A.B. asks: 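Structure below; questions to follow.
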Amino acid sequence: MSTKHLDKIVALCKRKGFVFPNSEIYGGLKASYDYGPLGVELKKSISEIWWNSMTRLYSNIVGLDSSIMVHPDVWEASGHIANFNDPLTDNKDSKKRYRVDDLLAQQKTKVIDSLCEILSIKNNNDNETIDNISQFLLKNSNEWKSALSEAGVIDPFSGNVGNWTEVTQFNLMFQTNAGPSEKTGKSIFLRPETAQGIYINYLLVQNSMRLKVPFGIAQIGKAFRNEIIARNFIFRTREFEQMEMQYFVKPSEDNEAMKFWKKERMDFFSTKLGIDDKNLRFHEHSEDNLAHYAKAAFDIEYNFPFGWGEIEGIHNRTDFDLKQHEKHSGKNLTYFDPIENEKYHPYIIETSTGLNRLFLMVLCEFYHEDTNNNRTVLKLPFDLAPNKLVICPLLKKDGLPEKSNEVFNKLSKEYRCIYDEQGSIGKRYYRQDEAGTPFGITVDHETLENNSVTIRERDTMQQHRVEINKISEFINDKKN
RNA sequence: GCGAGUGUAGCUCAGCUGGUAGAGCACAACCUUGCCAAGGUUGGGGUCGCGCGUUCGAAUCGCGUCACUCGCUCCA
């Protein structure tokens, strides 16, 4: 596979109505995409398969749909605000990026002296002075664009004075105001992950459903991250859809639960979505690479045309989040275990996957170029295909369109069907191959005599003669 | 965010050193066609990403901007 391959998928997505660039008539909006008529069906199919498998296959997992906007203190508690508010600068020469306070802490005193002089900041030769400098540079970045270079701030990587960019701050979270007036409105954030909505509701869910540990809460919803860079089509976008399941366990049983979910989630991709094992692998986060809340973390990665990329994270978040929310809210968030007769904060095993990434994965996995027959085929499994059947009159005359409409009306009650009478029959088959439609039903003159049609299979191009009232039976038998 | 490259019809692209926009495919109508694309006729569709500038005149040159691709960087 190659990048060329991805380009072809992007082109197919636009051509056939899977994915369009957002705001295209205005020149586009970076890393923002819209899902077209076929795309919305595929996306829904994937999320339905996930939702059904989570909430039906496991009797101790229930669903939730929490709101995108929550009390701002939630993000204080979760660590999202504290961990992402550092002023940064880039050295254009070495192309390295630094936190300004870290960078200044590594400078000789004369550099700090000189900075204080340039900026007229009181110099106490301490960390506070460094903080003052970096905050000042952040607030006045326009005026003092070149202050760092002027003062001779050294790049520890190159050992030379850096060619520094103006100091900027990256905010992961989208911030806005609740209430129509900016003055009186409260500052709120669009959620950067759906998980927190589960944590703050976990006791309400547990009580209302009379759940006992271990139990899980599943949720599908949009999340927003102000990514510094967004690349690779819909792989990393600022607005995206998460499918998360947070599993609450006895702290002593966390390792076992991790093991269980690692296997379950890997199986999901291979058996439920039909992804080839050789395109899937685990990636374990090394200890010094773990997020601030995690004890252990595994990613499931897929072999995309642009390389291996994360499609799901399975993390042991311990009791970090619940304890944080307890601390910040002042409410008791312990779970009472009636069997052990004790109270504790459950450990949380998180399985978190990105719907948009699965969408891209599915397209990459099932995109095929059939060079023998000179056609492009999207070999989507039946359950994922946006349209299941295409109904075609062999010819656009002799009452065949009318008969086809009858067949269409009958079958569309059961399957998502599409009707096509335009062009030669072969062309119509090929058109639908590219859109992933698994079966073609063709009405011909014989149909008028004995009510039988031709069913043509997308992947093998084989044809079968089937009576109209046995079509469902045939398809249900053949579809997987 | 930094660096490099790209941006002409829905798609893939042509358009040499500046002189009033082209092809193939796709799409639509009619004909042809009796089961696997590319047969015929006709037609719709582009202020050449956007803006400013240089010029008598710019798709073609310059600057800016937006978007995409690649590398670096970042990634709760």
Side-chain angles (χ1 to χ4, degrees), chain A residues 3-4 6-8 10-17 20-33 75 78-84 86 88-99 157 162-170 172-173 191-193 195-196 223 225-233 236 285 289-294 297 299 306 309-310 313 315 317 320-321 350 352 370 373-376 392-398 400 422-434 440-446 453-458 460-465:
Chain A
T3 315
K4 197 109 190 170
L6 185 66
D7 290 345
K8 285 183 180 171
V10 174
L12 181 138
C13 279
K14 188 175 178 186
R15 198 169 62 241
K16 305 302 276 192
F20 307 128
N22 172 267
S23 306
E24 201 191 23
I25 62 169
Y26 287 101
L29 179 67
K30 195 168 201 159
S32 204
Y33 294 90
W75 308 115
S78 69
H80 284 84
I81 288 174
N83 284 312
F84 214 94
D86 308 309
L88 302 171
T89 184
D90 290 334
N91 179 1
K92 291 189 209 171
D93 292 341
S94 72
K95 313 215 192 312
K96 295 284 172 193
R97 166 170 296 165
Y98 297 95
R99 277 172 54 174
F157 176 79
N163 182 8
W164 303 107
T165 62
E166 63 185 283
V167 174
T168 49
Q169 185 174 28
F170 295 97
L172 170 84
M173 291 192 288
R191 65 183 175 198
E193 62 177 21
Q196 300 299 330
R225 291 182 195 172
N226 234 331
E227 301 285 356
I228 297 169
I229 53 120
R231 284 274 171 86
N232 292 324
F233 195 36
R236 177 173 282 127
H285 290 217
N289 232 345
L290 287 175
H292 60 276
Y293 54 72
D299 292 342
F306 47 83
E310 178 189 351
H315 297 184
R317 295 183 70 136
F320 175 86
D321 298 278
E350 162 185 271
S352 171
D370 178 357
N373 297 296
N374 202 11
R375 59 174 190 151
T376 300
C392 304
L394 184 60
L395 295 173
K396 201 164 42 168
K397 60 181 183 186
D398 303 339
L400 299 184
Q422 180 65 39
S424 74
I425 189 67
K427 195 176 234 176
R428 283 176 269 166
Y429 287 153
Y430 277 37
R431 257 202 295 259
Q432 293 303 318
D433 288 342
E434 221 182 4
I441 309 255
T442 301
V443 168
D444 57 18
H445 291 92
E446 201 185 328
V453 295
T454 304
I455 301 187
R456 180 258 194 190
E457 295 181 74
R458 174 195 64 201
T460 61
M461 299 169 77
Q462 277 179 358
Q463 303 197 128
H464 311 269
R465 199 74 201 179

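So you know, we letter chains A, B, ... as the sequences are listed, proteins then strands, and number each from 1. These figures come from a predicted structure and were not determined experimentally.
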A.B. asks: Looking at R15(A), does any N or O in its side chain come under 4.0 Å of the phosphate oxygens OP1/OP2 on C27(B)?
C.D. replies: no
A.B. asks: Check this for me: does the side-chain of N373(A) come within 3.5 Å of the base of C36(B) through a donor and an acceptor?
C.D. replies: no
A.B. asks: How long is the line joining CG of N226(A) and P of U73(B), in whole Å?
C.D. replies: 21 Å
A.B. asks: Rounding to an integer number of Å, can you tell me how far L12(A) CG sits from A26(B) C1'?
C.D. replies: 13 Å
A.B. asks: Within the structure, does a side-chain N or O atom of K396(A) lie under 4.0 Å from either OP1 or OP2 of C31(B)?
C.D. replies: no
A.B. asks: Let me know the distance between CD of Q462(A) and P of C35(B), rounded to the nearest Å.
C.D. replies: 18 Å
A.B. asks: Taking atom types as they are modelled, is there a donor-acceptor pair under 3.5 Å from the base of C75(B) to the side chain of R236(A)?
C.D. replies: yes
A.B. asks: Given atom OH of Y430(A) and atom P of U33(B), what is their separation to the nearest angstrom?
C.D. replies: 21 Å
A.B. asks: Taking CG from D433(A) and P from A26(B), how many angstroms apart are they, rounded to a whole number?
C.D. replies: 15 Å
A.B. asks: Which part of the nucleic acid, if any, lies within reach of R375(A) when heavy atoms closer than 4.0 Å are counted: base, sugar-phosphate only, or nothing?
C.D. replies: nothing
A.B. asks: Starting from P on A28(B), measure out to NZ on K427(A) and report it in whole angstrom.
C.D. replies: 10 Å
A.B. asks: Using a heavy-atom cut-off of under 4.0 Å over every strand shown, decide if E24(A) touches base, sugar-phosphate, or nothing.
C.D. replies: nothing
